[in-house]
Number of protein chains: 2
Amino acid sequence: MTTTEAASQLLSIGEVAGRTGLSVHALRFYEREGLLVGPVQRTSGGGRRYTSFDVDWLLICVKLRASGMPLADLKHFAELVRQGPGNEAERLRLLDAHRQRVDAQIQALEECRSVIAWKVGVYAEHLARGKAGGLWDPTA
Amino acid sequence: MTTTEAASQLLSIGEVAGRTGLSVHALRFYEREGLLVGPVQRTSGGGRRYTSFDVDWLLICVKLRASGMPLADLKHFAELVRQGPGNEAERLRLLDAHRQRVDAQIQALEECRSVIAWKVGVYAEHLARGKAGGLWDPTA
DNA sequence: CTACGATCTGGAGCAAGGTCTAGATCAAGT
DNA sequence: ACTTGATCTAGACCTTGCTCCAGATCGTAG
């Protein structure tokens, strides 16, 4: 717990892929695109070593992406964090705007869901009746 | 109400774009891709005339697309409807599978939303304090 | 030493879902 | 007749977000 303390936290790209769900390709791509807060450490041989810090950031990225944030916004956010303290208001704006978009998206999805559920119900009923009813709307 | 009855229901591509939210480009694209149930009527001059039937279908398409259904699935659905009665079970499967995906998506989004909301809260609190606290985690 | 798997770089390729252009035509207004 | 605006077709082009390839290198196991 003394010598390995810092080094054991450093993860290879494959390990990071494993715990973030991103592919190694995507990880390198994200780095090229400037989506990481800082430069990734390297071994003497040139291999990437990610800190748990990097991994936490990536996990946030994954969440934001999963909720539809474009890479461009993610990059912007990374830049703000990279610049250090002083721009918290802008970070807040960015995140809050995204949260509102997510809320809207949830709303929209729930509306879609109910429309679909209704249609599913119509089909299910139709099938349950064994296609007995002759007047069946072909558009549905 | 007698002579104009049928004709007044027929809409130009621009009008349909207006009430579906799709661009005229997208409408032509959808048609090329076989996403419509039937062929669209034409004027003598070659202009498209959409029935209210077509519009209803397009509105459904918009909802399904908005909830993330890929065009390929939409095309499949259109084919099933085009084939007429007899395949309702498959239509049901298709829609129900999509509904389940939408449910999962809503779940995921709500999880993201709460993570984001929490982060927004952290920033808001930080700003409210006027950056008084010296110990501020730069990663957040 | 050798083989093998993981990683490296730079750049090409891909899938989805449209978007836009060019050049022609149509329909209506002045 | 002439202009204007909407539409037509076929096809090129675009953006997003990765994914994959080639060829080289590193590190560990036998």
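To find a chain, count down the sequence lines: A is the first, B the second, and so on, and within it residues start at 1.
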- prompt: Run the salt bridge (charged side-chain N to carboxylate O under 4.0 Å, His left out) check on B/Asp96 and B/Arg93 step by step: do they pass?
  reply: CA-CA 5 Å; B/Asp96 203 43; B/Arg93 254 187 288 127; over 6 Å; no

Applying a 4.0 Å non-hydrogen cut-off, can you work out what [X] is touching in the nucleic acid: base, sugar-phosphate, or nothing?
X	result
A/Arg49	nothing
A/Ser44	sugar-phosphate
B/Thr43	nothing
B/Arg28	base

task: Give the rounded distance in Å between these two atoms: CZ of B/Arg48 and C1' of C/dT25.
output: 14 Å

message: From OH of A/Tyr50 over to P of C/dC8, roughly how many Å is that when rounded to an integer?
response: 7 Å

message: Pick the closest DNA chain C nucleotide for B/Gly46 and for A/Gly45 by heavy atoms, then say which residue is nearer the 5' end.
response: A/Gly45

message: On a heavy-atom basis, which atom in A/Met69 and which in A/Leu94 lie closest, and how many Å separate them?
response: CE-CD2, 3.7 Å

I need the [X] [atom1] to [Y] [atom2] distance, nearest 0.5 Å.
X	Y	atom1	atom2	answer
B/Lys119	B/Ser114	NZ	OG	12.5 Å
B/Leu92	B/Asn87	CG	CG	11.0 Å
A/Gln100	A/Leu95	CD	CG	11.5 Å
B/Phe53	B/Gln9	CZ	CD	13.0 Å

Only pairs under 3.5 Å count here: list side-chain donor-acceptor contacts from residues 21-37 of chain A, not counting sequence neighbours, and write none if there are none.
unit_1  : atom_1 : unit_2  : atom_2 : d
A/Ser23 : OG     : A/His25 : N      : 3.4
A/Ser23 : OG     : A/Ala26 : N      : 2.9
A/Glu31 : OE1    : A/Arg48 : NE     : 2.5

message: Quick check for you: name the first and last nucleotides of DNA chain D, 5' to 3', having an atom under 4.0 Å from a heavy atom of chain A.
response: D/dG17 to D/dG27

- request: For residues 62-76 of chain A, pull every pair meeting salt bridge (charged side-chain N to carboxylate O under 4.0 Å, His left out), keeping only residues two or more places apart or in separate chains.
  value: A/Lys63-B/Glu111, A/Asp73-A/Arg101

task: Kindly state each residue pair satisfying salt bridge (charged side-chain N to carboxylate O under 4.0 Å, His left out) with at least one member in residues 10-26 of chain B, sequence neighbours excluded.
output: none

ILVMFWY cluster, B/Val62 and B/Leu64 together (side-chain gap under 4.5 Å): yes

Quick test: give all pairs of protein nitrogen or oxygen and nucleotides 17-20 of chain C nitrogen or oxygen below 3.5 Å, distance rounded to 0.1 Å.
unit_1 : atom_1 : unit_2  : atom_2 : d
C/dG17 : OP1    : B/Arg65 : NH1    : 3.4
C/dG17 : OP2    : B/Leu71 : N      : 3.3
C/dG18 : OP2    : B/Tyr30 : OH     : 3.0
C/dG18 : OP2    : B/Arg65 : NE     : 3.0
C/dG18 : OP2    : B/Arg65 : NH2    : 3.2
C/dT19 : OP2    : B/Ser23 : OG     : 3.0

Bending between helix ends of the helix from C/dC1-D/dG30 to C/dT30-D/dA1 [5 pairs per end, 10° resolution]: 10°

